[in-house]
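Both counts, for ligands and for their atoms, begin at 1 and track the order of listing.
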Amino acid sequence: MRRPLVAGNWKMHGDAGFIEAYAGALRRAGRAKDVDVLVFPPACYLDRLVAAVAGTGVEVGAQNAHWANDGAFTGEIAPGMVRELGAGWVLAGHSERRALFGDTDERVADKIVAALEANLQPILCVGESLAEREAGSAEAVVARQFGVVAERIGREGLARLSVAYEPVWAIGTGRTASPAQAQDMHAYLRSLIEARSGGVARDLRILYGGSVTPENAPALFAEPDIDGVLVGGASLVVERLLAIVRAAEAVGAHRN
Ligand code: 13P
């Protein structure tokens with residue numbers, strides 16, 4: 001059974017006042033029913049957000065963490081530090097990290113290994129560019145991005161992983177993948193996971209990300225292999241994140 005997961009990625013947005021108002025709205029909304037809700041603020045606000053959402057059931061994660069647990073890495077943050085701030089999750093391989101900050105497949109795998117060692121739950125982000133989709137290589141790109149990580153972490157690591165399929169052409173563009181396009185890639189990803197480690201595939205959550213809104217979320221959740229969403233822009237408006245949570249509640253867990 002895969003419990004739905006709604007995750008908001010604030011990217012480099014937010015400040016202290018924003019966090020207070022956001023957490024207040026989450027508290028007033030009450031606990032989500034059979035849906036996991038997760039927020040990824042900028043790293044400097046992790047502990048502040050953890051404290052602000054205490055008691056709401058909302059969990060907190062970092063958008064990125066380094067592959068080493070300490071060392072001469074100016075400007076970086078170690079997974080153990082993220083853990084110490086009270087966060088339980090971390091993203092790795094977000095397309096903005098890959099495109100703008102040089103996160104290669106191997107570095108992403110290093111980061112996932114380090115996150116697991118620090119007892120964080122990693123979400124591996126994968127996704128093809130528009131050119132790659134148009135060239136017919138979307139599946140090959142996603143298979144490569146996933147394969148490098150799977151090779152490193154094995155069955156035990158896969159059992160603790162979630163994956164987010166975020167086609168680059170759908171991120172921040174308002175051009176979401178159709179539910180059928182997303183479902184096709186999710187089913188393909190699940191077949192890759194199945195091929196590597198049988199039983200794990202049934203329980204591993206695969207999220208969709210890329211211009212998710214309260215309007216398109218219900219149709220996405222209705223697909224059998226879309227177990228959650230990773231929401232960027234819409235997650236900055238707490239009422240919109242909550243509307244997406246309600247859409248997930250309406251659909252419930254996937255049991256296929
Ligand atoms: P948008 O929802 O703004 O398209 O961003 C998606 C994303 O990158 C989430 O990680």
Side-chain angles (χ1 to χ4, degrees), residues 4-14 18 22 35-43 45-46 49 58-65 82 87-103 108 111-112 115 120-130 132-133 138 141-142 145-146 149 161-179 181-183 185-186 189 205-221 223 226-248:
L5 173 56
V6 174
N9 173 10
W10 290 357
K11 309 192 179 185
M12 202 170 72
H13 297 286
F18 176 81
Y22 202 96
V35 173
D36 291 329
V37 182
L38 183 52
V39 178
F40 292 91
Y45 295 126
L46 283 168
L49 185 63
V58 173
E59 295 180 68
V60 176
Q63 298 168 15
N64 173 53
V82 169
W89 296 74
V90 66
L91 298 178
H94 191 281
S95 69
E96 287 148 21
R97 299 287 324 170
R98 293 179 190 266
L100 303 172
F101 303 102
D103 283 11
V108 172
K111 289 181 175 190
I112 298 254
L120 292 171
Q121 296 191 64
I123 299 181
L124 166 66
C125 304
V126 298
E128 81 286 358
S129 67
L130 186 59
E132 288 163 340
R133 176 159 283 262
V141 168
V142 165
Q145 292 172 334
F146 170 74
V149 171
L161 187 76
S162 303
V163 177
Y165 169 56
E166 299 205 298
V168 178
W169 46 271
I171 295 179
T173 57
R175 181 182 166 192
T176 185
S178 70
Q181 277 174 322
Q183 165 59 25
M185 190 60 91
H186 283 222
L189 266 163
R205 287 186 287 196
I206 306 178
L207 317 181
Y208 168 77
S211 299
V212 175
T213 64
E215 292 72 37
N216 60 32
L220 290 163
F221 282 124
E223 296 291 343
I226 301 181
D227 309 313
V229 286
L230 182 52
V231 188
S235 78
L236 293 173
V237 180
V238 67
E239 291 75 19
R240 288 175 71 70
L241 183 83
L242 287 167
I244 294 169
V245 171
R246 284 192 289 274

Chemist: Which heavy atom of Val163 sits nearest to which heavy atom of Ile123, and what is that distance?
Modeler: C-CG2, 4.2 Å
Chemist: Any idea which heavy atoms bring Val90 and Ala115 closest together, and the distance?
Modeler: CG1-CB, 3.5 Å
Chemist: Could you walk me through whether Glu239 and Arg246 pass salt bridge (Lys or Arg N to Asp or Glu O under 4.0 Å), step by step?
Modeler: CA-CA 10 Å; Glu239 291 75 19; Arg246 284 192 289 274; over 6 Å; no
Chemist: Is a donor on one side and an acceptor on the other found under 3.5 Å between the side chain of Arg98 and the backbone of Asp103?
Modeler: no
Chemist: Could you list the atoms of ligand 1 found under 4.0 angstrom from a heavy atom of Asn9?
Modeler: 9 (C), 10 (O)
Chemist: Quick one: look up the protein heavy atom nearest atom 4 (O) of ligand 1 and list residue, atom name and how far away it is.
Modeler: Gly172 N, 2.6 Å
Chemist: If you look at every heavy atom in Ala234 and Thr213, which pair is closest and at what distance?
Modeler: CB-CA, 4.4 Å
Chemist: Considering only heavy atoms of Ala170, which atoms of ligand 1 have at least one such atom less than 4.0 Å away?
Modeler: 4 (O)
Chemist: In the protein, which heavy atom is nearest to atom 9 (C) of ligand 1, and how far is it?
Modeler: Glu166 OE2, 2.9 Å
Chemist: Below 4.0 angstrom from a heavy atom of Ser211, which ligand 1 atoms are there? Numbered from 1 as shown, please.
Modeler: 1 (P), 2 (O), 4 (O)
Chemist: Could you check atom 2 (O) of ligand 1 against the protein and tell me its nearest heavy-atom contact, residue, atom and distance included?
Modeler: Gly232 N, 2.9 Å
Chemist: Give the atom numbers and elements of ligand 1 that come within less than 4.0 Å of a heavy atom of Leu230.
Modeler: 9 (C), 10 (O)
Chemist: Mark up the atoms of ligand 1 that fall under 4.0 Å of a heavy atom belonging to Gly233, in ascending order.
Modeler: 1 (P), 2 (O), 3 (O)
Chemist: Need the ligand 1 atom indices (1-based, order shown) with element for anything under 4.0 Å from a heavy-atom of Lys11.
Modeler: 5 (O), 6 (C), 7 (C), 8 (O)
Chemist: Going by the atom numbers of ligand 1, which of them fall below 4.0 Å from some non-hydrogen atom of Gly210?
Modeler: 4 (O), 6 (C)
Chemist: Side-chain contact test, heavy atoms from C-beta onward, threshold under 4.5 Å: evaluate it for Lys11 versus Glu96 and give yes or no.
Modeler: yes
Chemist: Once you round to the nearest 0.5 Å, how far does CD of Gln181 lie from OH of Tyr208?
Modeler: 8.0 Å
